[in-house]
Number of protein chains: 2
Amino acid sequence: MAIEQTLLGSGPGRPPGRPRSERAERAIIEATLDLLIQEAGVAGVTIEAVAARAAVGKTTIYRRWPNKEALIIDALATLKGPIPDLAGESVRDDLVALARAVRPSQDPRLDCVWNIFGGATKHPHLARQFKQTVVLPRQEVMRAVLRRGIANGELRPDLDPEVAMAIIAGAVTMRARSLSPDEDLPEDFADQVVDTALRGLSSGSAPSCTGP
Amino acid sequence: MAIEQTLLGSGPGRPPGRPRSERAERAIIEATLDLLIQEAGVAGVTIEAVAARAAVGKTTIYRRWPNKEALIIDALATLKGPIPDLAGESVRDDLVALARAVRPSQDPRLDCVWNIFGGATKHPHLARQFKQTVVLPRQEVMRAVLRRGIANGELRPDLDPEVAMAIIAGAVTMRARSLSPDEDLPEDFADQVVDTALRGLSSGSAPSCTGP
DNA sequence: CTTATACGAAACGCAATCGTATCGAATGGG
DNA sequence: CCCATTCGATACGATTGCGTTTCGTATAAG
């Protein structure tokens, strides 16, 4: 093995013997998330596949986690960040940033939403953990943005933030999976969704702009 | 076995021997869909579980379908209908009807979206079949409604139907799974989504008109 | 009654996966 | 050097699922 051992704690409480490889740990988590997406859900994540992909012995996995579910729970916990810094200039820009964060083509690891939510009835622990670490924090941020917009008059006073969140997050998440595997989401899809949602689908007949 | 044999074709082209049980066929399809939802995806659908739930021998399944994937494809095909009759009175009412159809708490069989879409990379056949029989027809209807609205002035002339569809379908689908298993989608959620999307999130003031 | 097929139940061989155990080598502190 | 622990590799028994086959029974046509 290479000489990339990490020292972790050289402090006093350090246990004797060879320290655990931190590289192995990262590789295992990474491999778990990859498999969770590429294979079809929790059932597709086999310990042996994780070990193979992480170039690690099964022993190394079972020394750290008692079973597959615990491993997946820890792997999901690493998806918590990062939530983008919000400029706070306009509600519109913040919403676009959040919509991009919900599904940036950059971080395909979030695609495991489908498999985690799909297996919610079979694996309630995982679904709860995923909601707690991944979904709720993002919802919290978006809710705050919406509230701010309502407070300062940028958004309708009678707007239901829950409905608005479902619209924005749902549109991006759904559209990304309705495509063929080869096509890709247009770069500015998040912008389009937010702008369309803000303006509304209906023609401005009643209040304002009836078009340029 | 009971005396619920179905005759199918007593006509001339009828092959000799005992005819196949139509009841068994229905039960198998039904059991397959149930498992596809309750268990976590395609991997959770085992032939033996299907046989047990349908009260049928494995032989009876393999006589009809060559393997598991073919069975699931046929099972998904039965999800194609019914698409609700559209009153055609107003675009708004039609959209509400469609939003309800995308996820009526009535037909939880559509919940397998999550498992099929999630397994899209692993089972492209199933994803394609599901899109073909279930997703596309509904999209087609909704697209027609949106086009009509654009044509007759009820909707913005510059509205992108694809974005609008993602907003409505995505909001309903997503929100339904973001809930705890015990809570249920409010009866009028589809109405809220459509009304919010039509009016737009932003307050009716000017800024939206400065866009591109 | 004969023939042909479908039925459910059970057992088969095969492969995959689980979680555990054992091995020799590697890597740390004392 | 010595000891404790981890490393990757490999083998293990147990379980599960696949797809096939066999068996005795049931249900049709002629």
Side-chain angles (χ1 to χ4, degrees), chain A residues 1-28 31-32 35-36 38-72 122-123, chain B residues 1-28 31-32 35-36 38-73 119 122-123:
Chain A
M1 193 190 153
I3 328 142
E4 32 184 341
Q5 207 61 249
T6 315
L7 303 189
L8 263 177
S10 307
R14 173 91 141 59
R18 175 177 177 175
R20 293 189 179 175
S21 161
E22 199 174 86
R23 172 215 146 265
E25 191 136 344
R26 276 197 306 266
I28 293 169
T32 303
L35 288 173
L36 198 53
Q38 292 186 13
E39 303 301 309
V42 177
V45 179
T46 68
I47 296 288
E48 319 208 315
V50 172
R53 181 177 290 232
V56 145
K58 293 201 308 178
T59 324
T60 308
I61 299 181
Y62 280 111
R63 192 175 293 114
R64 292 165 164 79
W65 294 275
N67 52 52
K68 185 166 60 168
E69 194 159 281
L71 167 60
I72 297 184
K122 184 72 177 295
H123 303 279
Chain B
M1 194 188 155
I3 326 139
E4 34 184 338
Q5 205 62 246
T6 315
L7 303 189
L8 264 176
S10 307
R14 172 91 142 58
R18 177 176 173 175
R20 293 190 179 174
S21 162
E22 199 174 86
R23 170 214 148 265
E25 192 136 346
R26 276 196 306 265
I28 293 170
T32 303
L35 288 173
L36 198 53
Q38 292 186 13
E39 304 301 310
V42 177
V45 179
T46 68
I47 297 289
E48 319 207 319
V50 172
R53 183 178 287 232
V56 147
K58 292 203 305 179
T59 325
T60 307
I61 299 180
Y62 280 110
R63 191 175 294 115
R64 293 166 162 79
W65 294 277
N67 53 51
K68 186 166 60 168
E69 195 158 280
L71 165 61
I72 296 183
I73 286 184
K122 184 73 179 295
H123 304 279

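Numbers restart at 1 for each chain; the letters A, B, ... are given by sequence-line order, proteins then strands. What you are looking at is a predicted structure, and each value in this text was computed from that prediction instead of being measured. Side chains are part of it too, since the values below use all heavy atoms of this structure and drop only hydrogens, waters and symmetry mates.
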Among all residues two or more places apart in sequence or in another chain, which pass the side chain to side chain contact (heavy atoms under 4.5 Å, CB included) test with A:Ala52? none
Is there side-chain contact between B:Leu71 and B:Val45, with heavy atoms separated by less than 4.5 Å? no
If a pair satisfies salt bridge (charged side-chain N to carboxylate O under 4.0 Å, His left out) and one of its residues is in residues 44-58 of chain A, list it, with sequence neighbours excluded. A:Asp34-A:Arg53, A:Glu48-A:Lys58
Could you check how far CD1 of B:Ile28 sits from C1' of C:dA6, rounded to whole Å? 12 Å
Side chain to side chain contact (heavy atoms under 4.5 Å, CB included) partners of B:Ala49, counting only residues at least two apart: B:Leu35, B:Thr46
Send over the distance from A:Arg64 CZ to C:dG19 P, rounded to a whole Å. 17 Å
With heavy atoms under 4.0 Å as the rule, sort A:Ala55 into base, sugar-phosphate or nothing. sugar-phosphate
Taking N or O atoms only and anything under 3.5 Å, show me the protein contacts with nucleotides 3-5 of chain C, one pair per line.
unit_1	atom_1	unit_2	atom_2	d
C:dT5	O2	B:Arg18	N	3.3

Kindly give the atom pairs (protein nitrogen or oxygen, nucleotide nitrogen or oxygen) under 3.5 Å for nucleotides 17-22 of chain D.
unit_1	atom_1	unit_2	atom_2	d
D:dC18	OP1	B:Ile47	N	3.1
D:dC18	OP2	B:Ile47	N	2.9
D:dG19	OP2	B:Tyr62	OH	3.0
D:dG19	N7	B:Lys58	NZ	3.0
D:dG19	O6	B:Lys58	NZ	2.8

Where at least one partner belongs to residues 59-68 of chain A, residue pairs that pass salt bridge (charged side-chain N to carboxylate O under 4.0 Å, His left out), sequence neighbours excluded: A:Glu25-A:Arg64
In whole Å, what is the span from the CD atom of A:Glu39 to the C1' atom of C:dT17? 14 Å
Separation of C:dT20 C1' from A:Trp65 CH2 (nearest whole Å): 18 Å
Rounded off to whole Å, could you give me the CD-to-P distance for the B:Glu22 and D:dT27 pair? 17 Å
Could you tell me which non-hydrogen atom of B:Gly57 sits nearest to which non-hydrogen atom of B:Ala51, and how far apart they are? C-CB, 4.3 Å
Angle between the end axes of the helix from C:dC1-D:dG30 to C:dG30-D:dC1, five pairs per end, to the nearest 10 degrees? 20°
Which atom of B:Gly119 lies closest to which atom of A:Ala40, heavy atoms considered: CA-CB, 3.9 Å
The side chain to side chain contact (heavy atoms under 4.5 Å, CB included) partners of A:Ala70 (sequence neighbours excluded) come to A:Trp65, A:Pro66, A:Asn67
Think B:Thr60 has a side-chain N or O under 4.0 angstrom from the OP1 or OP2 of C:dG8? yes
Between CD of B:Glu25 and P of C:dA6 the distance, given in whole Å, is 12 Å
Testing A:Thr32, A:Val56, A:Ile72 for side chain to side chain contact (heavy atoms under 4.5 Å, CB included) with A:Val50, which one passes? A:Thr32
Rounded to the Å, how far apart are A:Ile72 CD1 and C:dC18 C1'? 14 Å
